[in-house]
Amino acid sequence: MILILDPDAAENSQEYQQLLSHLAAMPGIQSRVHVERGSEQTVTEIYLIGNTKALDIADMQSLPCVERVVRVSEEYRILGRHKDDQRPTYFEYNGVRFGQDTLHVFAGLCAVDNREHVETMLKSLKDSGQVCTRMGAYKPRTSPYAFQGHGKLCLPYVFELAGKYGIKVIAMEITHESHMDEINEALHLTGDPTGVMLQIGTRNTQNFELLKIVGRQTRMPVLLKRGFGITLDESLNAAEYLASEGNRNVVFCLRGMKTNMGDPHRNFVDFAHVPAVKRLTRMPVCVDPSHSVGSRAASSDGIMDMMHVTAQGVLAGANMVLVDFHPEPVKALVDGPQALLLKELPYFMEDVQIAREAYLKRIELRQRQK
Ligand code: PEP
Ligand code: MN
């Protein structure tokens, strides 16, 4: 059960203290307070855990400071959608809004290789009016002998250049908690020129200790990739781990499932799950066409499979696209064969826009049918 408090309920007020002592005295019920400070107002929610079935909604609603009460199902308590649940489906980070109604493209390098490529990439993004990107510094690789990413060594120039080209959010995978500290330190040393969305890769979707530590910080939002060999429910529970520790600014990313049933694609594209995730949870949903399809192969119509699946995801309401680009794919140290070329960026953006407009028209059509 969630108690949503009046927006003006002050922590030091008598009513608020009364509410807390009332809850503390309830046998078999534990409470956890979550405060979300937005630009316009502060939302305080109290999660009641334990035998809440016996509690009466009207009784709880009559407690001091309580504005609304939501009875949640067992599943995805914080990030899930529940009956009569009108909690927001968006968050803001570094001036960018991420919601189930917005769309952002995160085009960029799968792995940072050198300063020159980072700069060329970011300049192209600025020229296309983009404020988000992807930049891999810590790369989980199949072979221990493969390039593992430049790690903290590349962070200062990546952040500095991001600031120079007006990038507000960089999606960056971390594979260990120490990477979070390295990112924070580099952001601080460069004067916080940009923001970072911490990416948890598909190989770490169920690394519960990593999820807990990342979830305990609320400075940076998190992009959680679906696990490539587990059910959707298991991946959504992984997202809930982040939220249960305190960070509910989570974007869920579909990136294909590992099975040879998906051949000739690198993974079995799962973008039909975009609407399912938006129905089951309040998270914005991202699609990653690069790691799903894994090649530049094109259909008989001349359009690359990667662009077809991107359009399919966007047409189904995706809120974010994570996609590999590279100025010189033959020189890329990771995933060169699936990278799009910089000259294809305006084309890619226009193709995404066509799908987005079609999606918005479909919503309009649905509204007219009601
Ligand atoms: C990536 O986005 O660079 C990546 C490694 O993705 P995934 O975790 O989905 O394989
Ligand atoms: Mn990759």
Side-chain angles (χ1 to χ4, degrees), residues 104-113 117-118 121 132-144 146-151 154-155 158 169-176 179 183 196-207 210-211 214 221-232 234-236 238-239 242 250-259 262 265-271 273-274 277 283 285-296 305-306 309-310 313 318 320-341:
H104 299 289
V105 174
F106 280 58
L109 305 181
C110 176
V112 170
D113 39 23
H117 287 152
V118 172
M121 181 73 235
C132 299
T133 188
R134 59 159 294 147
M135 289 284 154
Y138 307 95
K139 300 304 300 177
R141 303 303 302 282
T142 306
S143 162
F147 173 63
Q148 308 280 312
H150 287 310
C154 69
L155 300 181
V158 169
V169 189
I170 305 174
M172 183 175 277
E173 176 166 0
I174 59 164
T175 57
H176 190 268
H179 301 157
I183 288 171
V196 173
M197 181 181 278
L198 299 171
Q199 182 177 323
I200 306 281
T202 194
R203 291 156 189 83
N204 275 315
T205 309
Q206 284 190 314
N207 183 340
L210 181 64
L211 294 174
V214 172
V222 186
L223 178 65
L224 179 79
K225 292 259 187 130
R226 175 190 195 161
F228 56 28
I230 56 178
T231 63
L232 183 63
E234 286 165 330
S235 290
L236 296 179
L242 295 161
V250 184
V251 178
F252 188 79
C253 181
L254 298 167
R255 48 82 69 212
M257 306 301 294
K258 201 177 191 71
T259 155
H265 292 157
R266 181 173 172 180
N267 286 288
F268 198 100
V269 182
D270 54 352
F271 299 172
H273 275 162
V274 168
V277 178
M283 287 185 277
V285 182
C286 175
V287 292
D288 177 344
S290 305
H291 292 84
S292 301
V293 172
S295 82
R296 293 176 48 88
D305 293 13
M306 268 191 292
V309 302
T310 301
M320 179 169 154
V321 178
L322 188 73
V323 55
D324 291 2
F325 272 76
H326 198 283
E328 290 180 276
V330 288
K331 291 195 187 158
L333 297 176
V334 186
D335 285 348
Q338 71 189 25
L340 290 166
L341 312 175

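All ligand and atom numbering here is 1-based and tracks the order in the structure.
Taking the side-chain hydrogen bond (donor to acceptor under 3.5 Å, both in side chains) definition, one finds that Glu328 meets it with His117, Lys331, sequence neighbours left out. Residues satisfying the side-chain hydrogen bond (donor to acceptor under 3.5 Å, both in side chains) test with Asp335, not counting sequence neighbours, are Arg266, His291, Gln338. Residues that satisfy the salt bridge (charged side-chain N to carboxylate O under 4.0 Å, His left out) test with Asp270, not counting sequence neighbours, are Arg226.
Side chain of Gln148 to backbone of Ala146: a donor-acceptor contact under 3.5 angstrom is found. Using modelled atom types, no side-chain atom of Thr175 and backbone atom of Pro140 make a donor-acceptor pair closer than 3.5 Å. Checking side-chain atoms of Thr202 against main-chain N and O of Lys225 turns up no donor-acceptor pair under 3.5 Å.
In this structure, the side chains of Val323 and Thr310 stay at 4.5 Å or more apart for every pair of heavy atoms. Between Val269 and Asp305, every side-chain heavy-atom pair lies at or beyond the 4.5 Å cut-off. Within the 4.5 Å cutoff, side-chain heavy atoms of Ser235 are placed close to those of Ile230.
Within the protein, the N, O or S atoms sitting under 2.8 Å from the Mn ion (ligand 2) are Cys110 SG, His291 NE2, Asp335 OD2.
The ligand atoms of ligand 1 that sit less than 4.0 angstrom from a heavy atom of Arg255 are 7 (P), 9 (O), 10 (O). Atoms of ligand 1 lying under 4.0 Å from at least one heavy atom of Lys225, given by number and element, are 1 (C), 2 (O), 4 (C), 6 (O), 7 (P), 9 (O). For ligand 1, the atoms lying closer than 4.0 Å to a non-hydrogen atom of Gly201 are 8 (O). Close approach of ligand 1 to Gln199 is summarised as follows: ligand atoms under 4.0 Å from at least one heavy atom of the residue are 1 (C), 2 (O).
Of the N or O atoms in Glu173, none lie within a sub-3.5 Å distance of an N or O in ligand 1.
Scanning the protein for heavy atoms near atom 4 (C) of ligand 1, the closest one is His291 NE2, 3.6 Å. Ranking protein heavy atoms by distance to atom 8 (O) of ligand 1, first place goes to Thr202 N, 2.8 Å.
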